[in-house]
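As C-alpha cells, the structure follows; a few thoughts come after it.
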Amino acid sequence: MKVGVFKFSSCDGCQLAFFELEEELLELSRIISVEYFLEASSSNRWEHFDLAFVEGSISTKEEEERIKKIRESSKLLVAIGACAVSGGIQSARNFEDFSQVYSSVYSYKHYETNHYSKPVGDFVEVDFELRGCPINKESLKELIGAIIQGRSFQMPSYPLCLECKRKGNPCVVVAHGLSCLGPITLAGCGALCPSYKRGCYGCYGPIEKPNLEALEEGYRRLGKDERALKESLILSFNAYNKNWRGQI
Amino acid sequence: MLVKNPYLLKAGRVEKVIKECEGIYTFHIATEESAVFGQYNMLYAFGKGEAPITIASKGENYVVHTVRAVGDVTKHIDSLKEGDLLYWRGPYGNRWDLERAYGKTLLIISGGLGLAATRWVFEEAQKSPVKRLIHLYGAKDYDSLLYRYLYKDWNNRADFRIVLSNPHPQWKGKVSLITNLLKELDLEKDTIVFMCGPDPMVKACIPLLKEKGIDEDSVYASLERHMKCSVGTCGHCMIGPYFVCKDGPIFRYDLIKEYFERKEV
Amino acid sequence: MEGKGKGYTTTIEGLKELFEELKKDYKVIAPTLKDGVILYKEVGSFENIAFGYRNTEAPGFYSLEKAEGYFTYTHPANSPKSFLHPPELTLIKAKASQEGLVFEEVYPEDKMCLFDLRACDLWAIKILDRVFLEDPYYQRLRSNLFLVAVECTYATLTCFCKTMEKGPVPKEGYDLLITELEGRFLIRAGSKKGEELLVSLKTKREAKKEDFEEREKKIRALEEAMESFFNIREVPQKLYSRMDSSYWEPVEKRCLACTSCTQVCPTCFCFDILEKNTIDLRESERVRVWDSCFSPSFATVHRFNLRQSIHSRYRQWLMHKFAYWIDQFDTFGCVGCGRCITWCPVGIDIRQEVKRIAG
C-alpha cells in the first residue's frame with residue numbers, strides 16, 4: 001500500500017503521531033510503503049497513493065491547487081488534525097475583518113494569503129477524518145487497522161463527557177466551576193484535559209449536532225456570557241467546522 | 001453461583017451456500033442446537049463484531065441463515081464458503097404463536113428481507129392444522145426476490161402471493177404495494193396475522209387489517225432494533241418497557257402499539 | 001430493621017481495627033479525597049478515608065468543607081457501579097489459530113469490600129443484582145463482595161432517597177451497618193459474614209439502650225428534615241399517559257445530551273460491546289463499555305438513530321427510570337441519590353422535571 005503524508009497550513013504536530021507508531025512499525029513496514037513524507041524522508045516520490053494523509057488547512061491559492069492534485073493522485077484521502085478537518089486555530093481569522101488581522105501581524109503587504117482558512121473538505125472529497133490538535137496515535141492505528149483489515153473505521157460519535165465519565169473523572173464544570181466544551185466536543189482524546197483538572201477546549205471539534213443553546217445556559221451558570229462561549233468556540237481550533245458553521 | 005456465559009461463541013461448519021441475489025446469501029450451518037421459529041442468533045465475525053440474524057429455517061442438523069451484506073459483520077459472513085467455520089451464539093428471543101392460528105386463517109405479511117423471519121413459521125404452518133394459509137410477500141425489485149427455489153413448493157401448499165414495487169421485463173406478476181394486495185383480500189375477522197418487514201410497512205398494514213375487522217391482538221410483528229447483548233442488559237433495543245432482544249423480537253401488536261407508533265420512542 | 005444479632009459500640013480505633021481486618025481479605029473501596037471531590041477508590045490506609053469532610057451539593061454544584069466528626073459526608077461522586085459493572089471490561093478474547101478461533105473468557109477476580117455505603121447505593125446494588133442476574137461477570141464480582149453500610153445523618157440539597165422510599169435508613173443487604181454517635185460508633189451485623197467479623201473485633205462493647213436511642217433520634221431528625229418531592233406511586237401511570245405531553249419538547253433547548261447523568265447514575269446499566277484488536281489481527285477482544293441512551297448512535301437501526309431529538313432521548317431516560325423499569329425489574333430505576341442533579345453541567349433537576357410532567 002503506497003502512502004503519502006502531506007502538509008499544508010499547520011504546525012507539523014500531527015505528523016509526529018506517525019513517529020509514535022514504534023510498536024507497529026515492523027508489521028506496518030510489511031504492508032505499507034511510504035512514498036512521500038517530507039518530514040520523515042529525503043527521498044520522496046509523487047506518483048500514485050493508495051492512502052494520503054493530509055495535515056493543515058487550506059489558506060492560499062497554491063494550497064488550493066496542491067490539495068486538488070493530491071486528491072487526483074490518491075485512492076483514499078484522510079484529513080488529519082483540527083487544521084485539515086476544521087481550518088485550525090488560524091480559522092479564527094474567518095470571524096474577523098481580514099485586513100485588520102493582517103495588518104496586526106504584518107506591517108507591509110508581502111504575503112499572498114486567502115482571507116479565510118478553510119478545511120480540506122471544502123475543496124476536495126475527504127474519505128476519513130482524524131480529529132484533534134494534535135491527532136493521537138490510537139486513532140491513527142485504528143484507521144490503518146480498519147483499512148488493512150477491510151472493515152469500517154470505528155470512531156466515537158458521542159461527546160467527550162461519556163469518555164470522561166468512563167475514566168472516572170468528576171465533571172470539572174461542577175466540581176471546579178471551570179468552563180468546558182466537553183458536552184459538545186467529540187470524544188476520542190481520552191479526556192486528556194479534564195483528567196488534569198482542566199476544561200476541554202474543544203480540539204477534537206464539534207459532535208454532529210452540538211446544542212449550543214444549552215451550553216450557553218451552562219456558561220451563564222458559571223457567570224460567563226454568550227460572548228465568552230463564542231470566544232471559546234472560535235479559539236477551539238475547530239471554529240470553521242461544518243457541524244456548527246453559521247451558528248457561531 | 002454459576003451463571004452460564006451468554007457471550008461464549010460456538011463454531012459451526014458452513015455446509016451449503018446459496019446465492020439469493022446480489023449481496024444476499026443463504027447459509028446452512030451445521031449444529032445440533034435446538035431452536036424455534038421466530039428466534040435469532042448472534043453471528044460473529046472475527047475482528048469485526050456481531051450481528052443479530054433471524055433463523056430462516058432449520059433442518060435436522062443444521063440451521064439456515066439468510067444474510068444481506070450491509071455492515072462489516074454481514075459482509076464477512078457473506079464471504080464465507082462451504083467448509084468454512086461460522087461462529088455464533090444463540091438462539092435468542094421468542095417464537096411465533098402458531099398454535100393461535102390452528103383452525104383459523106393465518107395471514108403472513110413479509111416485506112423484503114423480512115421473509116427470512118417468516119419463512120420457517122410459514123413452512124411449519126403448511127404442515128399444521130391451520131384452516132387457510134395466505135402469505136403476502138413484497139419485494140422492491142425482481143432481482144431482490146428471495147428463496148425462488150421454494151416458490152413452487154409453497155404455491156402447492158399455500159396461497160403465496162408476491163408483489164414487486166418496480167416492474168421488470170421477466171416479471172409477469174403484480175407491480176404494486178403490499179398494502180394494495182392486502183386490501184384485495186377477503187379475510188375472516190378471526191384471522192391471525194404474522195408480519196415482518198420495515199417499520200413503515202407494518203404501520204401501514206394495521207389500519208387495513210382493522211377495516212377487515214381484525215383486531216390488533218390478533219396481529220404479531222417481528223421487530224428489528226439495535227441489539228448488542230441479546231439478553232436484555234445492554235439497553236439498546238428497548239421499545240417502551242420491552243427489550244426487543246429477549247421479550248421479542250415478536251410482539252402481539254396491541255402490546256407495543258403505544259411505543260411502536262409513537263415517534264422516537 | 002435493627003440488624004441481626006446484637007449491636008456493639010466502638011471507637012474510631014475499633015473502626016480502624018475493622019478496616020485492617022477487612023484489608024486482609026478484600027480490596028477495600030472507600031470514599032477518599034481526590035482533587036477536591038470525594039470518590040470511591042481503592043484505599044490503602046484507614047487514614048485516607050475522607051473523614052471529616054462535608055459535601056455541599058445543589059443542581060450543577062459541588063463543594064467540600066471541613067466538618068466535625070467522621071462520616072460527615074453523604075455518598076461519593078461515583079457509585080458502586082464503577083466496581084461491579086466496570087466502565088470498561090474485556091469479556092472474551094478471540095485468538096486465531098490453525099484450527100479456527102479459540103475463545104478465552106476473561107473474568108474479573110477481585111474480592112472487594114465496599115466500605116461506607118449509604119442506603120441509596122445499597123439499593124442501587126440490589127437493582128443491579130436484578131439487571132445482571134444472569135451476567136457471569138457481574139455475578140463473579142458480586143459474590144465476593146463485602147458491604148459495610150453507614151447510616152446518613154445528613155442530606156445534601158440534591159438527596160431525595162426519602163421521596164424514592166429508598167432511604168435514608170439502609171434496610172437490608174449489608175454485612176455490617178455503622179451509625180456515628182457522639183464520640184463513638186454503633187455497629188450491627190446484617191449477615192453471617194458480618195456477624196463473624198463483628199464478634200472477632202477486640203475494640204468493642206455491647207450496645208446499650210441509650211446507644212440505640214441516640215441513633216433513633218439522629219435518624220428521625222434526618223428523616224424529618226428531608227423533603228418529599230412527589231408521590232412515587234402515581235408517577236409511572238402519569239408518565240405512561242403523558243408521553244405526548246408538550247412538556248417534553250422544551251427539554252431540547254436545555255439538555256446537552258452530554259450523557260453525564262447516565263454515567264454517574266448508580267443504576268444506569270446500558271453498555272456497548274466493542275471489538276478491539278491490533279493491526280495484525282492475531283487476537284481480538286470483545287470489550288464491554290458504558291454507553292448511554294443520550295449517545296447519538298444509541299438506538300441506531302441501519303445507520304439511522306430512532307431517537308434523533310434530544311428531548312426524545314431525555315424522555316427515554318426519564319420514562320425508563322420512573323416507568324419502564326418497574327415493568328422490567330419490579331422496582332424504580334432511581335434510588336434518589338441525586339447524582340444526576342449535582343453532576344449535570346447545566347443543573348437539570350430530575351425531581352423538578354418529574355414534578356412538572358407527572359406531579
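Convention: sequence-line order gives letters A, B, ...; per-chain numbering from 1. Note: hydrogens, waters and symmetry copies are ignored here, and every other heavy atom, side chains too, is used.
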Practice task
Take atom NZ of C:K193 as the centre, draw a 6.0 Å sphere, and report whether it contains more than 12 heavy atoms from other residues, nucleotides or ligands.
Solution key: yes
Would you mind checking which part of [X] comes under 4.5 Å of any heavy atom in chain B, side chain (CB onward), backbone (N, CA, C, O), both or neither?
X	result
C:S309	both
C:E283	backbone
C:N305	neither
C:R303	side chain
C:S297	backbone
C:Q316	side chain
C:Y138	neither
C:F269	both
C:E99	backbone
C:I92	side chain
C:R130	neither
C:A96	both

Salt bridge [X]-[Y], side-chain N to carboxylate O under 4.0 Å:
X	Y	value
C:E88	C:K276	yes
C:R315	C:E249	no
C:D110	C:K27	yes
C:R288	C:D135	yes
B:E216	B:K257	yes

Exercise for the section: Give a yes/no verdict on a cation-pi contact between B:K58 and B:W120, requiring under 6.0 Å between NZ or CZ and the six-membered ring centre and an angle within 45° of the axis. Expected result: no
Problem - Aromatic C:Y247 / basic C:R356 pairing, under 6.0 angstrom, 45° off normal - result: no
Completion exercise
Looking only at B:D84, B:N5, B:L85, most heavy-atom pairs under 4.5 Å shared with chain C are made by B:N5
Completion exercise
Of B:E50, B:K263, B:E258, the largest count of non-hydrogen pairs under 4.5 angstrom with chain C goes to B:E50
Side chain, backbone, both or neither: which part of [X] has an atom under 4.5 Å from a heavy atom of chain C?
X	answer
B:M238	both
B:F46	both
B:R225	both

Handout entry: Flag for C:R286-B:Y44: side-chain donor and acceptor within less than 3.5 Å
Key = no
Heavy-atom pair with the smallest gap, counting every atom of [X] and [Y]:
X	Y	value
B:I250	B:N94	O-ND2, 2.7 Å
C:I125	C:L145	CD1-CD2, 4.4 Å
B:P52	B:Y40	CB-CD1, 3.9 Å

Exercise for the section: Tabulate, in ascending numerical order, the residues of residues 59-82 of chain B having at least one heavy atom closer than 4.5 Å to a heavy atom of chain C, or enter 'none'. Expected result: B:V70
Practice task
Examine B:H236 together with C:F298 and report whether their ring centres are nearer than 6.0 Å.
Solution key: yes
Problem - Distance (rounded to the nearest 0.5 Å) between C:K321 NZ and C:C265 SG - result: 3.0 Å
Practice task
With a 4.5 Å cut-off on heavy-atom pairs, point out which of C:D272, C:L91, C:V131, C:I326 contacts chain B the most.
Solution key: C:D272
